[in-house]
Participant: 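Below is the structure I would like to discuss, written out as structure tokens.
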Amino acid sequence: MTVCKTIQECREARESLGKIAFVPTMGALHAGHVSLMQVARQRAPRVAVSIFVNPTQFGPGEDLTRYPRPVEQDLATCRDAGVDLVFSPDPAEMYPLGSPEIAIDLPQFTTVLEGRHRPGHFKGVCQIVAKLFNIVQPQVACFGQKDYQQLAIIQAMVKALDFPITIIPSPTIREPDGLAMSSRNRFLAPDERKRALSISRALFLARDEVAKGIRQTNRLIALMQQRILAPGQLGHIPVYIDYVAAVDPATFKPKEHVDGPILLAIATRVGNTRLIDNVVVEP
Ligand code: PAF
């Protein structure tokens with residue numbers, strides 16, 4: 001496995017690799033990332049992973065400084081997963097002093113849900129993903145459905161800017177009890193983790209209600225909100241809801257009825273940790 005810190009090293013290492021499937025990450029790798037690497041492996045003879053905590057996608061007061069960076073552990077995970085190339089630059093390599101400001105934006109998708117609650121977040125994501133695509137030059141790139149809106153935005157960006165890259169969506173990987181895997185889960189104290197289970201349980205509850213024939217999304221949203229806010233024995237753990245939404249998975253416009261596929265999406269803060277999750281349900 002070749003590990004590159006600079007853009008030039010990465011370009012040179014990439015040259016001899018032929019067809020590459022790419023998994024961009026911010027590190028703190030978990031089984032969800034490993035499953036993306038496995039999906040990548042099925043799509044191309046060589047797999048590249050980037051590990052970079054991208055400062056431009058964090059807003060003021062967000063968790064950029066405390067975001068975990070277990071570098072050696074991440075490299076071991078990549079090695080075990082049979083990754084060929086890791087690109088792990090420092091922020092100064094990606095954003096040298098004096099770089100001009102640049103923005104790629106797709107406002108139809110970036111002003112709702114995560115975009116509304118994290119202004120500028122998706123501009124930062126598009127900026128870094130476009131840069132990484134230009135540096136790594138993959139033929140295929142894999143993104144998890146846990147960040148459903150990010151995936152849709154990257155697909156739209158690739159189409160709009162004609163990147164010659166196929167985007168492969170990959171399902172959310174969950175802990176055995178249902179909690180969606182996330183690098184931020186490691187911030188959760190044991191009781192917070194138990195409290196965070198209410199997010200996936202709310203989504204599964206709504207999915208079951210749809211299976212039973214409920215079609216009004218306001219009813220589903222109310223049920224999910226109640227499920228998240230019901231503390232049980234864990235009333236000492238504060239939970240704040242950023243949003244509980246039922247939207248069209250292609251346009252992100254709110255839907256009143258489940259008359260086709262619907263994205264149920266939740267963003268909450270459990271203690272100091274912001275968590276998101278989603279499921280797509282169909283009538
Ligand atoms: O999903 C992530 O980990 C990040 O948003 C990404 C795509 C690696 C860009 O920094």
Side-chain angles (χ1 to χ4, degrees), residues 1 3-5 10 21-41 47-59 61-95 114 118 121-122 124-125 127-129 131-132 136 141-151 154 169-190 192-197 199-200 267-278:
M1 182 174 87
V3 181
C4 303
K5 295 288 288 177
C10 183
F22 177 43
V23 181
T25 81
M26 297 207 300
L29 303 175
H30 49 68
H33 294 111
V34 173
S35 97
L36 288 172
M37 295 173 203
Q38 286 160 351
V39 169
R41 166 73 57 229
V47 174
V49 169
S50 62
I51 299 176
F52 180 63
V53 182
N54 172 39
T56 68
Q57 68 188 73
F58 288 79
E62 290 188 355
D63 53 0
L64 172 62
T65 47
R66 75 165 184 148
Y67 201 87
R69 291 162 172 87
V71 180
E72 290 310 318
Q73 213 176 308
D74 284 349
L75 291 178
T77 303
C78 291
R79 212 168 275 122
D80 292 349
V83 169
D84 300 281
L85 170 67
V86 173
F87 179 45
S88 165
D90 290 328
E93 177 72 5
M94 296 307 273
Y95 302 114
E114 282 302 278
R118 301 184 67 189
H121 168 65
F122 287 120
V125 170
Q127 176 185 28
I128 192 63
V129 171
K131 279 169 74 71
L132 290 168
V136 177
C142 304
F143 288 83
Q145 285 172 323
K146 155 119 188 324
D147 295 298
Y148 200 96
Q149 196 177 2
Q150 166 174 281
L151 165 66
I154 299 299
S170 192
T172 302
I173 304 297
R174 297 182 180 279
E175 302 281 0
D177 58 10
L179 184 71
M181 293 213 181
S182 162
S183 303
R184 290 186 168 96
N185 289 352
R186 62 182 76 194
F187 295 142
L188 298 168
E192 290 178 334
R193 194 194 170 289
K194 280 190 207 145
R195 190 76 180 80
L197 273 179
I199 304 166
S200 52
T268 61
R269 280 165 292 138
V270 177
N272 291 325
T273 305
R274 191 166 184 283
L275 298 171
I276 60 171
D277 197 359
N278 69 78

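Side chains included, hydrogens not; waters and symmetry mates left out as well; all remaining heavy atoms used.
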Participant: Out of curiosity, Met26 CE to Ser183 OG, how far, rounded to the nearest 0.5 Å?
Facilitator: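 Taking CE in Met26 and OG in Ser183, the distance rounds to 7.0 Å.
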Participant: Does any N or O in the side chain of Arg69 come within less than 3.5 Å of the main-chain N or O of Gly27, such that one atom is a donor and the other an acceptor?
Facilitator: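 A pair under 3.5 Å: no.
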Participant: For the residue pair Ser50 and Pro24, establish whether any side-chain heavy-atom pair is separated by less than 4.5 Å.
Facilitator: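 Yes; the side chains approach each other to less than 4.5 Å.
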Participant: Who pairs with Lys131 by side chain to side chain contact (heavy atoms under 4.5 Å, CB included), at least two apart in sequence or on another chain?
Facilitator: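 Lys131 satisfies side chain to side chain contact (heavy atoms under 4.5 Å, CB included) with Met94, Tyr95, Gln127 once adjacent residues are dropped.
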Participant: Does the pair Arg41/Asp84 count as a salt bridge with the N-to-O cut at 4.0 Å?
Facilitator: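 Here Arg41 pairs with Asp84 in a salt bridge, since their nearest N and O are under 4.0 Å apart.
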Participant: Are Val49 and Leu85 close enough, and set up right, to give a side chain to side chain contact (heavy atoms under 4.5 Å, CB included), and what steps lead you there?
Facilitator: CA-CA 6 Å; Val49 169; Leu85 170 67; over 6 Å; no
Participant: Atom CG in Leu36, atom NZ in Lys146: separation rounded to 0.5 Å?
Facilitator: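 Going from the CG atom of Leu36 to the NZ atom of Lys146 covers 11.5 Å.
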Participant: Could you pull out all residues at least two apart from Gln57 that satisfy side chain to side chain donor-acceptor pair (under 3.5 Å)?
Facilitator: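 Asn54.
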Participant: At their closest point, which heavy atom of Asn185 faces which heavy atom of Ala180, and how far apart are they?
Facilitator: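 Taking Asn185 first and Ala180 second, the nearest heavy atoms are ND2-O, 3.0 Å.
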Participant: Output all residues satisfying salt bridge (Lys or Arg N to Asp or Glu O under 4.0 Å) with Arg186, sequence neighbours left out; order by chain, then residue number.
Facilitator: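 Listed in chain order: nothing, the list is empty.
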Participant: Using the side chain to side chain contact (heavy atoms under 4.5 Å, CB included) criterion, which residues pair with Val86? Sequence neighbours excluded.
Facilitator: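 Applying side chain to side chain contact (heavy atoms under 4.5 Å, CB included) to Val86 gives Met1, Val3, Ile51, Leu75, Cys78, Val83, Ser88.
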Participant: Minimum heavy-atom separation for Thr172 and Gln145, please, with both atom names.
Facilitator: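 For Thr172 and Gln145, the tightest heavy-atom pair comes out as OG1-C, 3.6 Å.
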Participant: Return yes when atom CG of Asn272 has more than 12 non-hydrogen atoms of other residues, nucleotides or ligands closer than 6.0 Å, and no otherwise.
Facilitator: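 Open: at most 12 neighbouring heavy atoms sit under 6.0 Å from CG of Asn272.
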Participant: Would Leu179 and Arg193 satisfy side chain to side chain contact (heavy atoms under 4.5 Å, CB included), going step by step from the backbone distance to the final call?
Facilitator: CA-CA 9 Å; Leu179 184 71; Arg193 194 194 170 289; 3.8 Å; yes
Participant: To the nearest 0.5 Å, what is the distance between CG (Leu151) and CZ (Phe143)?
Facilitator: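 So the CG of Leu151 and the CZ of Phe143 are separated by 8.0 Å.
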Participant: Report the residues that fulfil salt bridge (Lys or Arg N to Asp or Glu O under 4.0 Å) with Glu175, sequence neighbours left out, ordered by chain and then residue number.
Facilitator: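 Not a single residue meets the salt bridge (Lys or Arg N to Asp or Glu O under 4.0 Å) criterion with Glu175.
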Participant: Not counting sequence neighbours, which residues clear ring pair (Phe, Tyr, Trp, His ring centres under 6.0 Å) with Phe52? List them please.
Facilitator: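 Residues passing ring pair (Phe, Tyr, Trp, His ring centres under 6.0 Å) with Phe52: none at all.
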Participant: Under the side chain to side chain donor-acceptor pair (under 3.5 Å) rule, collect the residues that match up with Glu62, sequence neighbours excluded.
Facilitator: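 For Glu62, the residues satisfying side chain to side chain donor-acceptor pair (under 3.5 Å) (neighbours in sequence not counted) are Arg118.
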Participant: Please tell me if the side chains of Gln38 and Ser35 come closer than 4.5 Å, counting only heavy atoms from C-beta onward.
Facilitator: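 Result yes, sub-4.5 Å side-chain heavy-atom pair found.
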Participant: Kindly compute the distance separating CZ (Arg195) from CD (Glu192), expressed to the nearest 0.5 Å.
Facilitator: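 One gets 10.5 Å once the value is rounded to the nearest 0.5 Å.
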Participant: Could you list the residues that satisfy side chain to side chain contact (heavy atoms under 4.5 Å, CB included) with Thr273, not counting sequence neighbours?
Facilitator: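 Thr273: side chain to side chain contact (heavy atoms under 4.5 Å, CB included) contacts with Arg66, Arg184, Phe187, Leu188, Leu275.
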Participant: If I compare all heavy atoms of Ala40 with all of Ala21, which pair ends up nearest, and what's the gap?
Facilitator: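 Between these two residues, the closest heavy atoms are O-CB, 3.4 Å.
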Participant: Can you confirm whether Ile154 sits close enough to Val125 that some side-chain heavy atom of one is under 4.5 Å from a side-chain heavy atom of the other?
Facilitator: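 A side-chain contact under 4.5 Å exists here.
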Participant: Using the test salt bridge (Lys or Arg N to Asp or Glu O under 4.0 Å), find all partners of Asp277 that sit at least two apart in sequence or belong to another chain.
Facilitator: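 Scan of Asp277 (salt bridge (Lys or Arg N to Asp or Glu O under 4.0 Å), adjacent residues dropped) gives Arg174.
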Participant: Do Arg79 and Asp74 sit within salt-bridge range, that is, some charged N less than 4.0 Å from a carboxylate O?
Facilitator: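 Judged by the 4.0 Å cut-off on N to carboxylate O distance, Arg79 and Asp74 do not form a salt bridge.
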Participant: Taking atom CD of Gln150 and atom CD1 of Ile276, what is their separation to the nearest 0.5 Å?
Facilitator: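 Going from the CD atom of Gln150 to the CD1 atom of Ile276 covers 8.0 Å.
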Participant: Shortest non-hydrogen contact from Pro91 to Pro55?
Facilitator: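 Closest approach of Pro91 to Pro55, heavy atoms only: CB-CG, 4.5 Å.
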Participant: Out of curiosity, Cys10 SG to Glu93 CD, how far, rounded to the nearest 0.5 Å?
Facilitator: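 With rounding to 0.5 Å, SG (Cys10) is 10.0 Å from CD (Glu93).
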Participant: By salt bridge (Lys or Arg N to Asp or Glu O under 4.0 Å), which residues pair with Arg274, not counting sequence neighbours?
Facilitator: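 If we apply the salt bridge (Lys or Arg N to Asp or Glu O under 4.0 Å) test to Arg274, skipping adjacent residues, the hits are Glu114, Asp242.
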Participant: Determine, step by step, whether Met37 and Leu29 satisfy the side chain to side chain contact (heavy atoms under 4.5 Å, CB included) criterion, reporting the C-alpha distance in whole Å, the side-chain angles of both residues, the deciding distance to 0.1 Å, and the verdict.
Facilitator: CA-CA 11 Å; Met37 295 173 203; Leu29 303 175; 3.8 Å; yes
Participant: Which residue pairs satisfy the ring pair (Phe, Tyr, Trp, His ring centres under 6.0 Å) criterion with at least one member in residues 63-85, sequence neighbours excluded?
Facilitator: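 Found Phe58-Tyr67.
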